[in-house]
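Working notes, beginning with the structure itself.
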Amino acid sequence: MTDNTPTINDQLRKAYELATKEFWFIHNALNNEYDNSDDQQKDIAELARLGNIMIRILEARKAL
């Protein structure tokens with residue numbers, strides 16, 4: 001019987017892939033014009049949040 005349970009490293013890798021995909025999606029959106037600066041600031045804040053998540057995931061993977 002094969003154990004198909006994902007390892008912690010597998011889960012962290014997948015989380016990093018998802019965060020990276022969203023990071024670059026928002027990064028590219030910043031090239032577009034915004035109706036107001038509040039919306040732009042929200043995207044910048046989300047970009048920073050995702051960057052921090054990516055750093056934490058990489059640190060967790062190194063700690064394994």
Side-chain angles (χ1 to χ4, degrees):
M1 182 181 234
T2 305
D3 183 9
N4 290 329
T5 305
T7 65
I8 292 172
N9 192 48
D10 291 338
Q11 292 173 335
L12 289 171
R13 183 183 47 76
K14 182 64 177 176
Y16 186 82
E17 288 174 8
L18 293 170
T20 301
K21 186 176 183 178
E22 187 66 16
F23 177 92
W24 286 111
F25 176 79
I26 293 173
H27 182 276
N28 290 331
L30 288 172
N31 290 323
N32 300 324
E33 287 191 34
Y34 285 82
D35 293 333
N36 58 64
S37 62
D38 287 342
D39 289 341
Q40 186 179 32
Q41 290 298 320
K42 287 177 186 174
D43 278 353
I44 291 169
E46 182 64 8
L47 197 66
R49 187 184 77 83
L50 287 165
N52 285 326
I53 288 170
M54 292 164 58
I55 290 168
R56 289 181 184 146
I57 292 169
L58 288 175
E59 289 171 347
R61 288 184 73 191
K62 286 181 185 177
L64 291 177

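This chain uses plain numbering: 1 for the first residue, then up along the sequence. Every heavy atom of this structure was used, including side-chain atoms; hydrogens, water molecules and symmetry mates were not.
Lys62 is not listed as a side-chain neighbour of Glu59, based on a closest heavy-atom distance of 4.5 Å or more. At a threshold of 4.5 Å between non-hydrogen side-chain atoms, the residues Met54 and Ile57 do not count as touching. The shortest distance between side-chain heavy atoms of Ile53 and Arg49 falls below 4.5 Å.
Rounding to the nearest 0.5 angstrom, the gap separating the CG atom in Asn32 from the CG atom in Asp43 is 9.5 Å. The OH atom of Tyr34 sits 10.0 Å away from the CD atom of Gln41 when rounded to the nearest 0.5 Å. Distance check, rounded to the nearest 0.5 Å: OG1 of Thr20 to CG of Leu58 gives 7.5 Å. For the atom pair CG of Leu47 and CD of Glu22, the computed distance is 10.0 Å after rounding to the nearest 0.5 Å.
Around atom CZ of Arg61, more than 12 heavy atoms belonging to other residues, nucleotides or ligands sit under 6.0 Å away. Within 6.0 Å of CG on Asp35 lie no more than 12 heavy atoms contributed by other residues, nucleotides or ligands. Around the CG atom of Leu64, the shell of radius 6.0 Å holds more than 12 heavy atoms that belong to other residues, nucleotides or ligands.
Residues Phe23 and Ile44 share a hydrophobic cluster, clusters being chains of Ile/Leu/Val/Met/Phe/Trp/Tyr side chains in contact below 4.5 Å. Linking Ile, Leu, Val, Met, Phe, Trp and Tyr residues whenever their side-chain heavy atoms come within less than 4.5 Å leaves Leu18 and Trp24 in two separate clusters. When the side chains of ILVMFWY residues are joined at heavy-atom separations under 4.5 Å, either directly or via intervening members, Phe25 and Leu50 end up in a single hydrophobic cluster.
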Verdict with supporting geometry, Thr7 and Leu12, side chain to side chain contact (heavy atoms under 4.5 Å, CB included): CA-CA 9 Å; Thr7 65; Leu12 289 171; over 6 Å; no
Salt bridge (Lys or Arg N to Asp or Glu O under 4.0 Å) between Arg13 and Glu17, worked out: CA-CA 6 Å; Arg13 183 183 47 76; Glu17 288 174 8; 3.0 Å; yes
Checking Gln11 against Lys14 for the side chain to side chain contact (heavy atoms under 4.5 Å, CB included) test, could you report, in this order, the C-alpha distance in whole Å, the side-chain angles of both residues, the deciding distance, and whether it holds? CA-CA 5 Å; Gln11 292 173 335; Lys14 182 64 177 176; 5.7 Å; no
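Classification of Glu46 and Lys42 as a salt-bridged pair fails, no side-chain N sitting under 4.0 Å from a carboxylate O.
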